[in-house]
Amino acid sequence: MPELPEVETIARGLANAVVGKTIAKVEVSLPKIAVAPPGVSFVETLRGERVETVGRRGKFIVIGLGSGRRLTVHLRMTGRLIVQAPGVRKPYPYTHIRLAFTDRWGLCFADVRQFGRMRLLGAGEAWDADGGVEPLSEDFTSEAFVSMLDGRRTPIKTFLLDQRHISGVGNIYACEALWEAGIRPNRPAQKVTKPARRRLHGAIRDVLLRSIEARGTSVDDYVDAEGLKGGFQNQLSVYGRLGQPCNRCGRPIVRTVLAQRGTWWCRGCQK
Ligand SMILES: [Zn+2]
């Protein structure tokens, strides 16, 4: 599933490609993917709207429209947003929604497994992803993170994956940040020492920023809005590296299961 760096990369590419364009036509071939408020037509309401902004909140892409309405996109497992140049007639494979712009460019929302959603919010409708703090925002201070873990008995990795706490961190970056900070993934959050919490705070930001710089991690089938793969899979320290030597201590990376998620870590240097 795309996490913060991948969604940020897609949003930036999309902003370059579609901001300023006006929607001429909307085609929906799988209605469950296109969500709108009761009584509002997704297709009719979007027609004539101008794309003003493209941003990201947590793992959601947020498209701001001229009327003040917003369109949120959650890619979930296999969703893709692909920009198409004029003259490309054939929709991208597994396209369920296609926006055609007045300048004949197109935007396809494709999803093999159909868990993704494109949701039209009502004008002024309150919406805030899952509510967690943005880890790259000024609100995510070291001290705020240190106190977030107080009294939390849940394993630290499970805590990191909960979008109500921190928004946009998923399995890849939770594993990587815990390795970078030298913390065992199943350690109860409240038992992580204050210095280790500060290290982890820095590691979360560091790993996310480095991945954005590399345009995200392509495991499974992530590609950005231009259909390009990311490069951070070449810089992973633990995720998906079962049996390979730890870059820090040389012991083999292990894989365990925590809260039903594969968890890669090093028994040698994560305490
Ligand atoms: Zn190690």
Side-chain angles (χ1 to χ4, degrees), residues 1-9 59 132-136 140-163 165-222 229-271:
M1 182 188 292
E3 304 179 28
L4 188 154
E6 293 78 46
V7 178
E8 180 71 27
T9 302
K59 297 179 188 173
V133 64
E134 281 288 331
L136 297 179
F140 187 63
T141 63
S142 178
E143 287 321 299
F145 180 64
V146 165
S147 53
M148 277 169 86
L149 303 189
D150 288 342
R152 302 286 182 178
R153 292 175 190 184
T154 179
I156 181 64
K157 187 197 165 206
T158 308
F159 180 90
L160 294 180
L161 293 183
D162 188 335
Q163 302 298 299
H165 302 310
I166 300 170
S167 207
V169 176
N171 207 25
I172 296 173
Y173 301 102
C175 288
E176 292 295 307
L178 287 165
W179 178 85
E180 194 167 313
I183 301 166
R184 183 164 50 87
N186 64 351
R187 178 174 289 278
Q190 62 181 1
K191 294 275 178 66
V192 177
T193 66
K194 293 258 163 76
R197 293 181 194 187
R198 290 192 197 97
R199 283 204 308 278
L200 181 55
H201 170 265
I204 291 166
R205 294 174 64 107
D206 177 66
V207 76
L208 293 173
L209 287 169
R210 284 194 292 124
S211 182
I212 290 171
E213 202 169 306
R215 303 174 59 83
T217 302
S218 285
V219 289
D220 306 325
D221 55 0
Y222 158 75
K229 283 183 175 289
F232 197 67
Q233 62 279 6
N234 304 316
Q235 297 180 46
L236 295 172
S237 296
V238 281
Y239 184 87
R241 294 192 64 232
L242 175 65
Q244 296 179 42
C246 171
N247 293 334
R248 193 160 45 205
C249 74
R251 286 188 60 171
I253 301 301
V254 297
R255 180 186 184 276
T256 54
V257 175
L258 194 56
Q260 289 142 25
R261 306 296 301 276
T263 302
W264 289 263
W265 59 291
C266 175
R267 291 189 198 277
C269 61
Q270 289 180 253
K271 301 296 178 191

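Just follow the structure's listing: the first ligand is 1, and inside any ligand the first atom is 1.
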Exercise. Using a 4.5 Å cut-off on heavy atoms from C-beta on, say whether the side chain of Thr256 contacts that of Asn186.
Key: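 No, their side chains stay 4.5 Å or more apart.
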Quiz item: Is there side-chain contact between Ile204 and Phe145, with heavy atoms separated by less than 4.5 Å?
Solution: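 The answer is yes; the side chains approach within 4.5 Å.
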Self-check item: Atoms of protein origin (N, O or S) under 2.8 Å from the Zn ion (ligand 1)
Solution: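 Short answer, with waters excluded from the count: Cys246 SG, Cys249 SG, Cys266 SG, Cys269 SG.
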Practice problem: Give a yes or no on whether a salt bridge exists between Glu6 and Arg215, defined as a side-chain N under 4.0 angstrom from a carboxylate O. | Solution: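 No, no charged N to carboxylate O under 4.0 Å.
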Self-check item: Lys/Arg N to Asp/Glu carboxylate O, Glu180 vs Arg210, below 4.0 Å
Solution: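 Counted as a salt bridge, because a side-chain N and a carboxylate O are separated by less than 4.0 Å.
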Exercise. Provide the closest heavy-atom pair for His201 versus Thr141 in the form atom of the first, atom of the second, distance.
Key: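 Here His201 and Thr141 meet closest at NE2-C, 3.3 Å.
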Quiz item: For Val169 and Ala174, which heavy atoms make the closest approach, and how far apart are they?
Solution: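 Closest heavy-atom pair between Val169 and Ala174: CG1-N, 3.8 Å.
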